[in-house]
Q: 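Could you have a look at this structure, given as C-alpha cells, before my questions?
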Amino acid sequence: MSNPDQQSIQAVILRISRGSVTSYGEIAHRAGLPGRARLVGRVLREAGEGVGLPWHRVVRADGRLAFPPGSKAFREQKRRLLAEGVALSGVRVNLVQFGWQRDLDSELWSPDAWN
DNA sequence: GGCGTGACTATAC
DNA sequence: GGTATAGCCACGC
C-alpha cells in the first residue's frame, strides 16, 4: 500500500456501479490523475484477484477488453461481465449502454435539466 | 541516467 | 475501418 495514487485508483474502481463498465482513462481522471491511464493498468495487474477489486468492470476507451480476445483473462472478464448483465457487442462492450456515467447522464439529460 | 515495455488514450492521416 | 505518432509514467535492466 502506502502509495496514495494507487489507493485513489482502487477507491474509484470500487465505486463502479454493478452492471456498468469504465475506461482506464476515466478512472485515472476521477482519481485525480488525468493522463495516467497506464498507471491504472499497472495497479490492476498488481492488485490481482486477492484484493477483491472489480477489475472486470474496467475496459479500454473504445469498449474492448484490455486482453487479447481468446486469452484466459479475456474469457474470465467476459464471463463476469455477462454475469452482471453487461452484454458485449461482438468483441467490445457497448459503452453508450453500459458506460459508468450512465447514472450521471440520467441526471444531466433528464427533462428537468434541459432549461 | 538511458532505454524498452506496458491491463492506455487522443489525434491525425 | 486501420496504422502512426506522441503523451503519459512506473519498473526493470
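Below, chains carry the letters A, B, ... as their sequence lines are ordered, and counting in each starts from 1. Computed from heavy atoms alone, side chains included, the values below leave out hydrogens, waters and symmetry copies.
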Q: In this structure, how many angstroms lie between the C1' atom of B:dA7 and the CD atom of A:Q77, rounded?
A: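 Roughly 9 Å, once rounded to whole Å.
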Q: What do the steps show when you test A:Q77 against A:W55 for side-chain hydrogen bond (donor to acceptor under 3.5 Å, both in side chains), and what is the final call?
A: CA-CA 8 Å; A:Q77 183 171 16; A:W55 59 271; over 6 Å; no
Q: For atom C1', what is the distance between B:dG1 and C:dC13, given to the nearest Å?
A: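 Going atom to atom, C1' in each nucleotide, I get 12 Å.
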Q: Where do A:R64 and A:V59 land on the side-chain contact (heavy atoms from CB on, under 4.5 Å) test, with the steps shown first?
A: CA-CA 6 Å; A:R64 285 179 302 177; A:V59 298; over 6 Å; no
Q: Does CZ in A:R15 sit with more than 12 non-hydrogen atoms of other residues, nucleotides or ligands closer than 6.0 Å?
A: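 Not buried by this count: 12 neighbours or fewer within 6.0 Å.
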Q: Are A:R80 and A:E76 close enough for a salt bridge, meaning some N to O gap below 4.0 Å?
A: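 Yes, A:R80 and A:E76 are salt-bridged.
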Q: From CG of A:L44 over to C1' of B:dG6, roughly how many Å is that when rounded to an integer?
A: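 About 13 Å, once rounded to whole Å.
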Q: Contact class for A:R42 vs. all strands (heavy atom < 4.0 Å): base, sugar-phosphate, or nothing?
A: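 Result for A:R42 = sugar-phosphate.
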Q: For A:D62 and B:dA10, what is the distance between atoms CG and P respectively, to the nearest whole Å?
A: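 Distance check: A:D62 CG to B:dA10 P gives 10 Å.
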Q: Give the rounded distance in Å between these two atoms: CD of A:E46 and P of B:dG6.
A: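 Taking CD of A:E46 and P of B:dG6, I get 17 Å after rounding.
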Q: For A:R92 and for A:R36, locate the closest nucleotide of DNA chain C by heavy-atom distance; then report the residue assigned to the nucleotide nearer the 5' terminus.
A: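 Whichever sits nearer the 5' end wins; that is A:R92.
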Q: Separation of A:L81 atom CG from B:dA7 atom C1', in whole Å?
A: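 In whole Å, B:dA7 C1' lies 14 Å from A:L81 CG.
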Q: Is there a continuous path of hydrophobic side-chain contacts, each under 4.5 Å between heavy atoms, that joins A:V51 to A:V40?
A: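 Cluster IDs for A:V51 and A:V40 match.
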Q: Is the shortest heavy-atom distance from the side chain of A:E46 to the side chain of A:Q6 under 4.5 Å?
A: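 Side chain of A:E46 against side chain of A:Q6, heavy atoms only: contact under 4.5 Å found.
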Q: For A:R45 and B:dC8, give me the distance from atom CZ to atom P, rounded to whole Å.
A: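 Interatomic distance, CZ of A:R45 to P of B:dC8: 10 Å.
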Q: Got A:R60 and A:R92 here, is their nearest side-chain heavy-atom distance under 4.5 Å?
A: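 Not in contact.
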Q: Sticking with atom C1', work out how far B:dC3 lies from C:dC8, rounded to a whole angstrom.
A: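 Between the two C1' atoms, the distance is 16 Å.
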Q: Between A:R64 and A:G35, just flag the one whose closest nucleotide in DNA chain C comes earlier from the 5' side.
A: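 Its nucleotide being nearer the 5' end, the pick is A:R64.
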Q: Which whole-number value in Å describes the distance from A:R38 CZ to B:dG6 P?
A: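 Roughly 9 Å, once rounded to whole Å.
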Q: Taking heavy atoms of chain A and a 4.0 Å limit, find me the 5'-most and 3'-most nucleotide of DNA chain C within that range.
A: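 For DNA chain C, the relevant span reads C:dG7 to C:dC11.
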